[in-house]
Engineer: 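Provided herewith is a single structure, encoded as structure tokens, for subsequent inquiry.
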Amino acid sequence: MNIRCARPEDLLNMQHCNLLCLPENYQMKYYFYHALSWPQLSYVAEDETGTIVGYVLAKMEEDPDDAPHGHITSLAVRRTHRRLGLAQKLMDQSSKAMVEVFGAKYVSLHVRVSNRAALHLYESTLGFKKEDIEAKYYADGEDAYAMKKDLTPLAEHFLQKTKELPAKANNTQSNNTTTSVAA
């Protein structure tokens, strides 16, 4: 299995995966909108043959009155490839990119109140919390849980790593300088 950033040529296969897995389907222009606006945030999972077996479609919300935050528009993994940790890997990659590229403070998503498997994934595995219920959110009239995950710990980890890089570079330069002077 390979997890990588989605490319424009993946969009048709991402849409196909969506059609196979989810009742909510999007027009191709919506995939293009995400790919062109936030190319760093959507990821695909491919099998050994290069077939896309899962994806996460993500974006940044553009609310000037709120902290910068991402939103998971859609997450899908084909039935044949579920329970392999792909959904978690896809979500982790997207969340990491939200923090590193856009400084996201949290990530949000919506999930059907009846989707117990997804709720378990989001709450127990990924650490999302229910924030609200949005009545009749879906086209068929079903309610959605609005969920949110704090990305502050991920941001702090990223900040720590970026602070360590200059220190390591300086140590390497010092070691190289010492080595070259001694040589």
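Computed from a predicted model, the values in this text were never measured in an experiment.
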Engineer: Find out whether Lys149 and Met91 are in side-chain contact, i.e. whether some heavy atom of one side chain is under 4.5 Å from a heavy atom of the other.
Structural biologist: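 They are not in side-chain contact.
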
Engineer: Do the non-hydrogen side-chain atoms of Val53 and Thr80 ever get within less than 4.5 Å of each other?
Structural biologist: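 SC-SC contact between Val53 and Thr80 ruled out.
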
Engineer: Side chains of Leu90 and Val77: closer than 4.5 Å at any heavy-atom pair?
Structural biologist: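 Yes, at least one pair of side-chain atoms sits under 4.5 Å.
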
Engineer: Taking all heavy atoms of Ile3 and all of Gln93, pick out the closest pair and write down the distance.
Structural biologist: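 Closest heavy-atom pair between Ile3 and Gln93: CG2-CG, 4.0 Å.
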
Engineer: Hey, are the side chains of Ile72 and Met98 touching, using non-hydrogen atoms and a 4.5 Å cut-off?
Structural biologist: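 In short, these two side chains touch, coming nearer than 4.5 Å.
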
Engineer: Would you check, one step at a time, whether the test side chain to side chain contact (heavy atoms under 4.5 Å, CB included) holds for Asp10 with Arg4?
Structural biologist: CA-CA 11 Å; Asp10 296 324; Arg4 62 170 175 77; 2.7 Å; yes

Engineer: Check this for me: does any side-chain nitrogen of one of Asp47 and Arg78 sit under 4.0 Å from a carboxylate oxygen of the other?
Structural biologist: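 A salt bridge is absent here (no side-chain N lies under 4.0 Å from a carboxylate O).
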
Engineer: Kindly give the heavy-atom pair with the smallest separation between Met60 and Pro68, and that separation in Å.
Structural biologist: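 Answer, listing the atom of Met60 first, then Pro68: CE-C, 4.2 Å.
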
Engineer: Where is the tightest heavy-atom contact between Asp150 and Lys105, given as atom of each residue plus distance?
Structural biologist: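 It is OD1-O, 3.3 Å.
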
Engineer: Without swapping roles, check the side chain of Ser94 against the backbone of Ser42 for a donor-acceptor pair under 3.5 Å.
Structural biologist: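 No, the answer is negative, given that no donor and acceptor are paired below the 3.5 Å cut-off.
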
Engineer: With rounding to the nearest 0.5 angstrom, report the NE2 to CZ distance, His69 to Phe102.
Structural biologist: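 It is 13.5 Å, given to the nearest 0.5 Å.
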
Engineer: Please list, chain by chain and in numerical order, all residues satisfying side chain to side chain donor-acceptor pair (under 3.5 Å) with Thr73, sequence neighbours excluded.
Structural biologist: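 For Thr73 the side chain to side chain donor-acceptor pair (under 3.5 Å) partners, ignoring immediate neighbours, are His34.
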
Engineer: Distance from Gln88 atom CD to Leu121 atom CG, nearest 0.5 Å?
Structural biologist: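 Gln88 CD to Leu121 CG: 7.5 Å, rounded to 0.5 Å.
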
Engineer: Who passes side chain to side chain donor-acceptor pair (under 3.5 Å) against Asn13, sequence neighbours left out?
Structural biologist: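 Asn13 satisfies side chain to side chain donor-acceptor pair (under 3.5 Å) with no other residue.
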
Engineer: Would you please name every residue forming a ring pair (Phe, Tyr, Trp, His ring centres under 6.0 Å) with Tyr31, sequence neighbours left out?
Structural biologist: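 With sequence neighbours excluded, Tyr31 shows a ring pair (Phe, Tyr, Trp, His ring centres under 6.0 Å) to no residue whatsoever.
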
Engineer: Are Tyr138 and Tyr30 joined in one hydrophobic group, where the rule is that I, L, V, M, F, W and Y side chains link up if heavy atoms are under 4.5 Å apart?
Structural biologist: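 Tyr138 does not cluster with Tyr30.
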
Engineer: At their closest point, which heavy atom of Ala58 faces which heavy atom of Leu41, and how far apart are they?
Structural biologist: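 Taking every non-hydrogen atom into account, CB-O, 3.6 Å.
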
Engineer: Just wondering, do Tyr106 and Asp66 contact through their side chains at under 4.5 Å, heavy atoms?
Structural biologist: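 A side-chain contact exists here, since the closest heavy-atom pair is under 4.5 Å.
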
Engineer: Do the non-hydrogen side-chain atoms of Ser37 and Lys59 ever get within less than 4.5 Å of each other?
Structural biologist: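 Counting from C-beta outward, Ser37 and Lys59 never come under 4.5 Å.
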
Engineer: How long is the straight-line distance from CG of Leu11 back to OH of Tyr55, given to the nearest 0.5 Å?
Structural biologist: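 Result: 11.0 Å between the selected atoms.
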
Engineer: Taking atom types as modelled and ignoring hydrogens, do the side chains of Asp92 and Tyr43 form a donor-acceptor contact shorter than 3.5 angstrom?
Structural biologist: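 Per modelled atom types, Asp92 and Tyr43 side chains form no pair under 3.5 Å.
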
Engineer: What donor-acceptor contacts under 3.5 angstrom involve side-chain atoms of residues 122-136, with partners at least two apart or in another chain?
Structural biologist:
{"from": "Ser124", "atom 1": "OG", "to": "His120", "atom 2": "ND1", "distance (Å)": "3.4"}
{"from": "Glu134", "atom 1": "OE2", "to": "His110", "atom 2": "NE2", "distance (Å)": "2.9"}

Engineer: Quick one: pull up CZ in Arg83 and CG in Leu86 and give me the separation to the nearest 0.5 Å.
Structural biologist: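 If we round to the nearest 0.5 Å, Arg83:CZ and Leu86:CG are 12.5 Å apart.
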
Engineer: With Asp143, which residues qualify under side chain to side chain donor-acceptor pair (under 3.5 Å), at least two apart?
Structural biologist: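 Counting only residues at least two positions away or on another chain, Asp143 forms no side chain to side chain donor-acceptor pair (under 3.5 Å).
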
Engineer: Nearest 0.5 angstrom please: Lys148 NZ to Leu109 CG, how far?
Structural biologist: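 Lys148 atom NZ to Leu109 atom CG measures 12.0 Å (nearest 0.5 Å).
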
Engineer: Taking atom types as modelled, is there a side-chain donor on Ser114 or Glu142 under 3.5 Å from an acceptor on the other?
Structural biologist: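 On atom types as modelled, these side chains qualify, holding a pair under 3.5 Å.
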
Engineer: Counting neighbours of NZ on Lys89 that are heavy atoms of other residues, nucleotides or ligands and sit closer than 6.0 Å, is the number greater than 12?
Structural biologist: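 Open.
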
Engineer: Side chain to side chain donor-acceptor pair (under 3.5 Å) with Arg7: which residues, sequence neighbours excluded?
Structural biologist: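 Once residues adjacent in sequence are excluded, the partners of Arg7 under the side chain to side chain donor-acceptor pair (under 3.5 Å) criterion are Glu9.
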
Engineer: Find the distance between NE2 (His71) and CG (Leu57) and round it off to the nearest 0.5 Å.
Structural biologist: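 These two atoms lie 9.5 Å from each other.
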
